[in-house]
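Here the structure is laid out as C-alpha cells; the discussion comes afterwards.
Indexing begins at 1, ligand by ligand and atom by atom, following the structure's order. The analysis underlying the following values was restricted to heavy atoms, covering all of them including side chains, and did not include hydrogens, waters or symmetry mates.
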Amino acid sequence: MKLILSDSDTRPQWKQQLSNSIVSVHKLLAILEINPSTLNLSEQANQQFSLRVPLPFVEKMTKGDPNDPLLLQVLPVLAEEEQSPGFSLDPLQEANANPVPGLIHKYKNRVLLIGAQTCAINCRYCFRRHFPYQENRIGSKDIESIIQYITQHTELDEVILSGGDPLANNDKTLNQLISQLNNIKHLKRLRIHTRLPVVIPARINQDLINWVNQSRLPITFVIHVNHPNEVDSALADAMAKLRATGNMVLNQSVILKGINDNAKTLIRLSEKLFEAGVMPYYLNVLDRVQGSAHFEVTEAEALQLIEQMMINTSGYLVPKLVRESAEIPYKMPIK
Ligand SMILES: *Cc1c(COP(=O)(O)O)cnc(C)c1O
Ligand code: SF4
C-alpha cells in the first residue's frame, strides 16, 4: 500500500532549505570564491548578530565579487563596530509601545504582531538586530492575551504579522493564528511583512496558499527586496502563486549606501518587481541603529534619487520615501 504524504507529514522543502542556511562566514566566502583577507570582516559584529543566509539567496550573488550588493547585506564587517552619534540600540523605541508581549501598537488603526523571533536571513542594517526577541517570543498564553487585546481595541481594523519573519512559522501555526484573527469582527484586513519568499522562494507552497485562500480577511503581502539581483524567476513564480489568490503583493526596500543608492538600480528594481506582479510601496531611509551607520544615505541624497526616478520611470513605479520615527504615529514622508 502506498502512503500519500501531505506537506505536514514530511518536512517541507523550505524548512530543509532554512536549516541548511549558511551560518559560517568562511563557508560563505568559500562558496563565492572570495579570499577572506580581501575583506574587513568583524568577528565581534558576527557574535553580536550572527551571519545567516539561505542558499537560494547565496545563489543570486556573483562569484568572486567582494562588493556584490547581496553579499554586502549579510556580511559582518569592521564598520559595524563604530559607535556613531545618533545611532542607538532601539531607535524606534518600540519598547514603549509594547502593551502585551509580541504586540506593538504605535499607529492608531493597525498593530504589529511579532510573529516570530527569528528571520531566515540576518540583514546587517536591520533595526531589529538588538530587539529582545526572547522576551517577545509568543507562547500559547501570549496568543490569548494578544487576541484579547485586539478584540478589546475596536479601533483596530488591520493586523500586521511582522518579525522576525512570520513565515518562519509552519503553516499549521499560521493557519490557526489567521483563523483566530478572522473571528475578530472589527478587523477588515490582514497583512504579512516577510522577506522569506525572497530568500527561500519555496516558502510559497501549497499549504500556505491553502490558508491564504481560506482567510475571510484579505491578506496583503509586503515583501522586502533591496536590489534587482534579488528578483529571479523562482521569486517571480512564487509571487505569481500569491497573486493568483487575488491578494495584493507590495514591496518595501531600505535605501543602502553601496547597495542600491543610485537611480538606475532603483528603477531596475521597480521594473523587475512589476514584471513579477509586485508593486513598490515604501523606500525607507535607514533606521539609525547602532552598527549600521556605514549604510546611511542622507535624506537629501535619497530625495535626489526619487526625483531621478520620477523623471525616468512611470509614477506608479516610484516608491514612497519615508522615515520611521519614535514620535510620529505613521511613516513620515520625506519631502
Ligand atoms: C510600519 C509600521 C506599521 C505599518 O505602517 P503602514 O504605513 O500601514 O504600512 C504599523 N505599525 C508599526 C509600529 C510600524 O512600524
Ligand atoms: S526583520 Fe527583515 S530586515 Fe530585519 S533581519 Fe529580518 S528579514 Fe532582515
| said: Using heavy atoms and a 4.0 Å limit, tell me yes or no: is Asp165 in contact with ligand 2? | reply: no
| query | How about Tyr282: does its OH atom have over 12 heavy atoms from other parts shown lying under 6.0 Å from it? | reply | yes
| task | Give a yes or no on whether Arg288 atom CZ has more than 12 heavy-atom contacts from other residues, nucleotides or ligands under 6.0 Å away. | result |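 Yes, CZ of Arg288 has more than 12 neighbouring heavy atoms, counting only those of other groups under 6.0 Å.
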| task | Please round to the nearest 0.5 Å and tell me the distance separating atom CZ of Arg52 and atom CG of Leu18. | result |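 So the CZ of Arg52 and the CG of Leu18 are separated by 5.0 Å.
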| said: Return the NE2 to CG distance between His153 and Asn109, rounded to the nearest 0.5 Å. | reply: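 Between His153 NE2 and Asn109 CG, I get 14.0 Å after rounding to 0.5 Å.
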When you measure from [atom] to each heavy atom in [options], which option holds the nearest one?
atom	options	answer
atom 14 (C) of ligand 1	Lys320, His193, Arg189, Lys331	Lys331
atom 7 (O) of ligand 1	Tyr282, Tyr330, Phe127	Tyr282
atom 4 (Fe) of ligand 2	Ala116, Cys126, Ala168, Gly164	Cys126
atom 12 (C) of ligand 1	Ile160, Val322, Asn109, Leu112	Leu112

Which of the atoms in ligand 1, numbered in the order shown and given with their element, are less than 4.0 Å from a heavy-atom of [X]?
X	value
Arg191	4 (C), 6 (P), 8 (O), 9 (O)
Glu324	14 (C), 15 (O)
Lys106	13 (C)
Tyr281	6 (P), 7 (O), 8 (O), 9 (O)

| remark: Honestly, for Arg129 the part within reach of ligand 2 (heavy atoms, under 4.0 Å) is neither
| query | What residue among Leu28, Asn122, Ile22 forms side-chain contact (heavy atoms from CB on, under 4.5 Å) with Val74? | reply |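 Exactly one pass, corresponding to Leu28.
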Would [X] and [Y] count as having a side-chain donor-acceptor pair, cut-off 3.5 Å?
X	Y	answer
Arg11	Ser19	yes
Thr38	Asn35	no
Asn182	Ser179	no

| said: Tell me the closest heavy-atom pair linking Asp165 and His193, and the distance in Å. | reply: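 Minimum heavy-atom contact is OD1-O, 4.4 Å.
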| said: atom 8 (Fe) of ligand 2 and Cys123: any N/O/S contact shorter than 2.8 Å? | reply: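 Checking Cys123: at least one N, O or S atom is under 2.8 Å.
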| query | Counting each atom of ligand 2 from 1 as listed, which ones have a heavy atom of Arg195 under 4.0 Å away? | reply |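 Reading through ligand 2 atom by atom, the close ones are 7 (S).
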| request: Enumerate the atoms of ligand 2 whose separation from the nearest heavy atom of Cys119 is less than 4.0 angstrom. | output: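 Every atom of ligand 2 under 4.0 Å from some heavy atom of Cys119: 1 (S), 5 (S), 6 (Fe), 7 (S).
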| Heavy-atom contact under 4.0 Å between Tyr107 and ligand 1? | yes
| task | Answer yes or no: is there a donor N or O on one side and an acceptor on the other, between the side chain of Thr62 and the main chain of Asp65, under 3.5 Å? | result | no
| Shortest protein contact, atom 8 (O) of ligand 1 (heavy atom only) |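 For this ligand atom, the closest protein heavy atom is Arg110 NE, 2.5 Å.
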